[in-house]
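In this chain, numbering begins with 1 at the start of the sequence shown. Everything numeric in this text was worked out from a predicted model, so none of it was measured. Because only heavy atoms are used, hydrogens play no part in the values below, and waters and symmetry mates are left out as well, while side chains stay in.
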Amino acid sequence: NLAFLDSWNFVYAGSWLTDQEHLTGQGHGFFFGFPLGPLGLGIAAEILTPPEAVKAWQALDDRLRFSLALAFNFRRAVSLGLAYRTFFAYSTGDIHTLDLALTVHPINYLALSFNACDVNAPQFRYDTGERAPRRFNVGLTVRPMGNDRLAAGGELTYVYGDDFRRTDASALVTAMI
C-alpha cells in the first residue's frame, strides 16, 4: 500500500504463461511509489501480452496500461487510496478505470484490505457496448514477524457484471530476502 511506504520503492513484475486457453495474466509491469508526508504517490506502466489462444478467444490484443495512484494514511493504521488507470494501444479505443481501496493495520502482525475495482464500469467493447464488471476484494494478511519480511494472506473477490456474478479465492505467501 502506497500510504505505508517509508521510502521510495521500485518494483518490476513479470508473468509468462505457457499455452493457456483462458488465462490472460501475461505481461510485464514497472511500478514506482514514494511517500510525501502522509501521502503515498505511485505511477506504473504495464505491458499486457496475452497468449495467442487468449487473443483469439477474447478478441484481445497487446496493450499498455498506465496508472496513477494516491493514498492517504491516518496515524499509520488506516489508509484510503484511489487509482486511475488507462489502457493505451487497445484496438477498440482507450479504456479508463477507477479503483478505490481501504487498508487497515490494527497491529503490526495483521493487515486487512477492501478494494472496489473498476467502480466506473468502463465500456471496453465499443461495438457491443459491453462494460467491464466491477470487482470487490477483501483480503487478510498475517505478518508473523511484525513486518513485510514474511507474510501469508488470502483474498476473496466478488465479480459483479451486468449478466453474471462470480466469486474467486486466492492465497499468497511472500518472503523478502
* Asked: Does the ring center of F32 lie less than 6.0 Å from the ring center of F30?
  -> no

* Structure fact -> Looking only at heavy atoms, the pair that brings P35 and L5 closest together is CB-O, 3.5 Å

* Asked: Applying the 4.5 Å side-chain criterion to the ILVMFWY set and letting contacts propagate, would V11 and L150 be lumped into a single cluster?
  -> no

* **Separation of Y158 OH from N137 CG (nearest 0.5 Å)** => 13.0 Å

* Cluster question for you: counting only ILVMFWY and a side-chain heavy-atom cut-off of under 4.5 Å, with indirect links fine, are L36 and L68 together? -> yes

* Locate the shortest heavy-atom distance separating N120 from T97; write the atom from each residue and the value. => OD1-CA, 3.5 Å

* **Closest non-hydrogen atom pair, D118 against R134** => O-CG, 3.3 Å

* Same cluster (ILVMFWY, side-chain, under 4.5 Å), L100 and V138 -> no

* To do: Verify, without hydrogens or angle tests, whether N115 (side chain) and C117 (backbone) share a donor-acceptor contact under 3.5 angstrom.
  => no

* Asked: So, the side chain of R143 versus the backbone of N108: is there a donor-acceptor pair under 3.5 Å, distance only?
  -> yes

* Heavy-atom pair with the smallest gap, counting every atom of L2 and A69 -> CD1-CB, 3.5 Å

* **Close side-chain approach of L70 to Y84, heavy-atom, < 4.5 Å** => no

* Structure fact -> Between the CG atom in L41 and the CH2 atom in W8, the distance rounded to the nearest 0.5 Å is 15.5 Å

* Asked: How are the rings of F72 and F74 set relative to one another: parallel (under 30°), tilted (30 to 60°) or perpendicular (over 60°)?
  -> perpendicular

* To do: Indicate, with yes or no, if F4 and F10 share a hydrophobic cluster defined by side-chain heavy-atom contacts under 4.5 Å among Ile, Leu, Val, Met, Phe, Trp and Tyr.
  => no

* Could you grab the distance from atom CG of N147 to atom OH of Y109, nearest 0.5 Å is fine? => 8.5 Å

* Structure fact -> What one should report as the nearest heavy-atom pair of R85 and S67 is CG-OG, 3.0 Å

* Asked: Under a single-linkage definition using a 4.5 Å side-chain heavy-atom cutoff for Ile, Leu, Val, Met, Phe, Trp and Tyr, are F34 and L80 assigned to the same hydrophobic cluster?
  -> yes

* Is any side-chain heavy atom of D99 closer than 4.5 Å to a side-chain heavy atom of L82? -> no

* **Beyond-backbone contact of L110 with L140, side-chain heavy atoms, under 4.5 angstrom** => yes

* To do: Would you indicate whether the side-chain heavy atoms of I43 and F66 approach each other to under 4.5 Å?
  => yes

* Please check if the side chain of R65 supplies one atom and the backbone of F87 the other of a donor-acceptor pair under 3.5 Å. => no

